[in-house]
**Q** 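This is the structure I have questions about; it appears just below.
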2 protein chains.
Amino acid sequence: MLKDIPQEKQRQRAPSKRALETRARIMDAAERVFARSGFDAASIRDIAAEAEVQGALVNHHGGSKEELFWRVVARRADVLGDARVAALETRKAHGPLTVPAILECFFGPFFEHVDVGGPQWVAYARIVAFVSADDRWKDLAAICFDPTANRFVEELAALYAPQARSSVASGFVYAVASMLALITSQWRMEALGDAPINAADHLDKLVAFCAAGIDAAAQREGSQTT
Amino acid sequence: MLKDIPQEKQRQRAPSKRALETRARIMDAAERVFARSGFDAASIRDIAAEAEVQGALVNHHGGSKEELFWRVVARRADVLGDARVAALETRKAHGPLTVPAILECFFGPFFEHVDVGGPQWVAYARIVAFVSADDRWKDLAAICFDPTANRFVEELAALYAPQARSSVASGFVYAVASMLALITSQWRMEALGDAPINAADHLDKLVAFCAAGIDAAAQREGSQTT
DNA sequence: GTCTATAATGAGATAGAC
DNA sequence: GTCTATCTCATTATAGAC
């Protein structure tokens, strides 16, 4: 995926071990700072301070601020996209797919990474929410997210008549928006619901919400075939 | 609503007509610039240029950059919140409410304003998407959006058993996220769906998606009572 | 690969004339 | 209310020593 970053310079030699550690520390720091401040409010200085390195090193390892942002997003999008497609393949090998099953393959790897990877993956999720809400990152989203998204829309669309395809695509975008809302707006759900939230229930409820929604939207245009 | 803005200064005299026009022009310009750049990337200078006034006038009429942002959001949130609640009251007077009916009262006034008000309301919608995705505007969201949101969650929750309330609240947050996605990510739906989108169908599909989703999520916790 | 020092730019805000 | 001019500050990025 990194090869898709415009003007990505090809490195001539393998970086040293120390350089790799420094680089990883800078990427992680950038991820956290971008997550809490957004792209514009984040400064290279903040990132350098968070990584406990000098400012010039951030430019050295990450390139310009914008290149750094692309790298931060692409790094995890790669891993996550592969995990999602793998989950889909595995599920498919065990029997016919359903809408909830497909959504579980999309949401599941994400929440598993959040569970085991902790704050870094939550930070990534917040960044994805920023990227999705802002036209300015259209190209980034297209390169990093579209291949996986297209695959999932195709699997979903296969469950309905051809004329329902655009409804299914809309439903999938709503589902992604809902998933991101669960990450960024959990406090809001708790405030409106007058109760703290059981984390374990959340994924199930999200799947139930989106599966029913996609089915209802698709049924308006064509009948389910499986 | 403006009274809720911290440190809002009470004016001593009614502003002149010219001042009102200038002020409105500045607010509209700020709305457009904030919508396309977000808060941090927008500059007072950009806003002044967009409004065709001098930079100092923006500070004079809008206060600090952050105060200006609050004002821009609060101005429309007020109008929209009232329209939504009014739609709900009217509907309620004509018979028992349903989930789709409640959602239509929430979504409808918004899309009507977008239709008649055009670009300024679309700009507002994009700003709301930014506000919703960013923790930093929690207080702004709580003051401007929560009263209306609470009212709608209550009406929805009244259709289900008490223990379903937190599921209904989650579903409502998902619904709002989906509504914003329709504004900010329509291009994405069209790209994934391989077809341009019929604008008139969109509201219906959004309602169908969210109503089915809320019902499914709520049914996991309690049975519908009406 | 890492660091110090600094160049070059653009930001928000205000003082004070009209 | 409006405008000009400017203050003060923080930013990104790089040059060059080690």
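Labels below follow one simple rule: chain letters A, B, ... track the order of the sequence lines, proteins then strands, and each chain is numbered from 1.
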**Q** Which nucleotide in the list D:dT2, D:dT11, C:dT4 gets nearest to the side chain of B:Thr22?
**A**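 Comparing D:dT2, D:dT11, C:dT4 against the side chain of B:Thr22, the answer is D:dT2.
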**Q** What orientation do B:Phe34 and B:Phe69 show, parallel under 30°, tilted 30 to 60°, or perpendicular over 60°?
**A** perpendicular
**Q** Round to the nearest Å and state the distance from B:Leu57 atom CG to C:dC18 atom C1'.
**A**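 B:Leu57 atom CG is separated from C:dC18 atom C1' by 14 Å.
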**Q** Nearest to the side chain of A:Asn59, which nucleotide is it out of D:dC3, C:dA11, D:dA13?
**A**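 Looking only at side-chain atoms, A:Asn59 lies closest to D:dA13.
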**Q** If we check salt bridge (Lys or Arg N to Asp or Glu O under 4.0 Å) with B:Glu50, which of these qualifies: B:Arg45, B:Arg25, B:Arg36?
**A** B:Arg36
**Q** With respect to the side chain of B:Ile44, which nucleotide from C:dT14, C:dC3, C:dG12 is positioned closest?
**A**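 Nearest to the side chain of B:Ile44 among the choices is C:dG12.
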**Q** At 4.0 Å (heavy atoms only), tell me whether A:Ala42 reaches a base, stays on the sugar-phosphate, or touches nothing.
**A** sugar-phosphate
**Q** Nearest to the side chain of A:Gln54, heavy atoms from C-beta on, is which of D:dT4, C:dC3, D:dG1?
**A**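 Looking only at side-chain atoms, A:Gln54 lies closest to C:dC3.
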**Q** Between the two ends of the helix from C:dG1-D:dC18 to C:dC18-D:dG1, what is the bend in degrees, rounded to 10 degrees, where each end axis spans five pairs?
**A** 0°
**Q** Roughly, in whole Å, what's the span from NZ in A:Lys65 to P in C:dT9?
**A** 18 Å
**Q** Please tell me which of the listed nucleotides, D:dG1, C:dC3, C:dA13, lies nearest to the side chain of B:His60?
**A**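 Selected nucleotide: D:dG1.
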**Q** Output every pair passing side-chain hydrogen bond (donor to acceptor under 3.5 Å, both in side chains) with a member in residues 107-123 of chain B, not counting sequence neighbours, ordered by first then second residue.
**A** B:Glu31-B:Gln120, B:Arg32-B:Gln120
**Q** What is the nucleic acid contact for B:Ala41, judged by heavy atoms within less than 4.0 Å: base, sugar-phosphate only, or nothing?
**A**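 No contact.
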**Q** Rounding to a whole Å, what distance do you find between B:Glu66:CD and C:dA13:C1'?
**A** 15 Å
**Q** Between C1' on D:dA13 and CD1 on A:Ile47, what's the gap in Å once rounded to a whole number?
**A**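 Result: 14 Å.
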**Q** Would the base of C:dG12 count as contacting B:Arg45 through its side chain, where contact means a donor and an acceptor less than 3.5 Å apart?
**A**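 Indeed there is one.
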**Q** Rounded to the nearest angstrom, tell me the gap between atom CZ in B:Arg25 and atom C1' in D:dG1.
**A** 12 Å
**Q** Does any N or O in the side chain of B:Lys65 come within less than 3.5 Å of the main-chain N or O of B:Phe39, such that one atom is a donor and the other an acceptor?
**A** yes
**Q** Minimum heavy-atom separation for A:Ile183 and A:Ala125, please, with both atom names.
**A** CG2-CB, 3.7 Å
**Q** Would A:Arg71 and A:Arg75 count as a side-chain contact (heavy atoms from CB on, under 4.5 Å) here? Give the steps.
**A** CA-CA 6 Å; A:Arg71 278 174 220 261; A:Arg75 175 176 68 149; over 6 Å; no
**Q** Any salt bridge between A:Arg136 and A:Glu66, counting N to O under 4.0 Å?
**A** no
**Q** Expressed in angstrom and rounded to an integer, what is the separation of A:His61 atom NE2 from D:dA13 atom P?
**A** 16 Å
**Q** Between B:Asp40 (CG) and C:dG10 (C1'), how many Å, whole number?
**A** 15 Å
